[in-house]
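Numbers restart at 1 for each chain; the letters A, B, ... are given by sequence-line order, proteins then strands.
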Protein chains: 2
Amino acid sequence: MQVKREIPLYEQIYIKLRDSILHEEIKPGERLVDSRIAGQLKVSRGPVREAFRKLEQEGLITNSEGIIEVYVPSLQDVLELYQVRVGLEAVSVYWATHYMTKEQLDELYKSLLETEKAVKLKNLPEVIKLNTYFHESIVSYSKNKRLQLLMSNIRSLVFLYRNTIFNQYNRDHYFLSEHRGILDAIKEREPSLAAKRMELHIYNDMNHFKEYFLMHKEKEAELQNIKKHTE
Amino acid sequence: MQVKREIPLYEQIYIKLRDSILHEEIKPGERLVDSRIAGQLKVSRGPVREAFRKLEQEGLITNSEGIIEVYVPSLQDVLELYQVRVGLEAVSVYWATHYMTKEQLDELYKSLLETEKAVKLKNLPEVIKLNTYFHESIVSYSKNKRLQLLMSNIRSLVFLYRNTIFNQYNRDHYFLSEHRGILDAIKEREPSLAAKRMELHIYNDMNHFKEYFLMHKEKEAELQNIKKHTE
DNA sequence: CTCGTTTAACTTGCATTCATTTTAAACCCT
DNA sequence: AGGGTTTAAAATGAATGCAAGTTAAACGAG
């Protein structure tokens, strides 16, 4: 019999802070002070500092001259993350094509139908959920643990950014056919084709994100202008 | 003017341990005890523990039930790392093709000639050095900071593994023409072709590594058998 | 009111100390 | 000698204490 050792405090604090950052209870750019957090959580500063080091290595917080702040991704950062995703998800689907069973594939086709429904109903949260499911499934079917680890880190950062700057960017329904194209390539057991389609899909996604971002910034600038003139 | 704050101890310890692991002064599987290291470095345990958390997050050490050990990669792990490399380096060369200047390209061609010389002279350390230079250059020309970060982490782990299990696996000279093919594609400014060739190159590398590994294991098993019979 | 100085609070980094658990060695009894 | 118990050493986890530096507020002189 194995007796489980309880999870150490620094690990619990790490998870708690990580979640708080991803759920925006702690906002990007916000400063983190070990003593303050230790006080809030009623623990000593030691474990809090250890948690900081983990978050720092993960990229969720920055440490510049001893000043700890929640990571604030720039557009450049997000584009770089997308480029990395292109590489990693292409490899994912390449190997997933080798390993996925017919049942697993059918499941994804089914989920795709649900996504279509959700798009028609303009149920955005559901669309996002299903879209995430699509990508995460394929990554997990790659049977590559490291790929999964890297992708989960990246997803955190992209997720953080999206929720930070604007609630969601409204993607059109074009991605449905792209998803279908990827599944079709898997069905035909053509890993390279599947990878190619995944690449294009994510590049498209990236470009839409970029456009939406710039549009958003423009609007913001306009608002600033109006504000200035009325002052 | 900026006055630089001195580097904190935990950071120095992190770097020191990291290097020690990569240079095999600390061997894979070896247990790390914070109090012992603190004693050796004549510091307190606090900063050592913070360094541990960074190394842990980076994947260089494992933490199972509070027992900290240097990461021992399995063959599966290394193959997974190679698969990840395929994705990341393909993306690297894709973007490097956009950004590399003629001078930078010429420099790599020149380095390739040197590699050929080194291969002829069977100067293995030089070959390895130049090979690493080739790949790292392309990653850096991608102008993607995150890509560079991920690749440096991965390189550490692969490096660790190679040096651990056997000193070096002896790759044939075939990779020279593959490198040349990649550079040619960059010269023609064909990002997709360059990416494709990089993929194939790394997959080839991976397969050779695998073969070499299994051969090595076989020999080891034989030696074990002989040992048993003579006991 | 503004600029500069003083000073108090805060923050970080590191060391020391303590409690608990784990490991290993010594010991004893049969 | 073998097996089990006792006990001492070591290791982890966490709290507290302290020094040095930074920030910011209070204060006062011009």
| message | Looking at B:S142 and B:I138, would you say the former's side chain and the latter's main chain have a donor-acceptor pair under 3.5 Å? | response | no
| said: With a 4.5 Å cut-off on side-chain heavy atoms, are B:L79 and B:M206 touching? | reply: yes
Just jot down the side chain to side chain donor-acceptor pair (under 3.5 Å) partners of [X], sequence neighbours excluded, or say none.
X     : answer
A:N63 : B:Y10
A:E58 : A:Y14, A:R18, B:Q57
A:E89 : A:R85, A:H135

| Toward the 5' end of DNA chain D, which comes first, B:D34 or A:I67, by nearest nucleotide? | B:D34
| said: According to salt bridge (charged side-chain N to carboxylate O under 4.0 Å, His left out), who are the partners of B:E56, at least two apart in sequence or on a separate chain? | reply: A:K54, B:R53
| query | Counting any heavy atom closer than 4.0 Å, what does B:I37 reach on the DNA or RNA strands: base, sugar-phosphate only, or nothing? | reply | nothing
| task | For A:L32, answer base if it contacts any base atom (sugar-phosphate contacts may also be present), sugar-phosphate if it contacts only those atoms, and nothing otherwise; contact means non-hydrogen atoms under 4.0 Å. | result | sugar-phosphate
| Closest to the B:P8 side chain, choosing from C:dG13, D:dA15, C:dT11 | C:dG13
| message | At less than 4.0 Å, is any side-chain N or O atom of A:Y10 found next to OP1 or OP2 of D:dG13? Yes or no. | response | yes
| query | Counting only non-hydrogen atoms, which of residues 42-53 of chain A are less than 4.0 Å from DNA chain C? | reply | A:R45, A:R49
| field | Watson-Crick or G-U stems involving DNA chain D, each at least 3 pairs long, distances under 3.5 Å, ordered by first number | value | C:1-30 with D:1-30
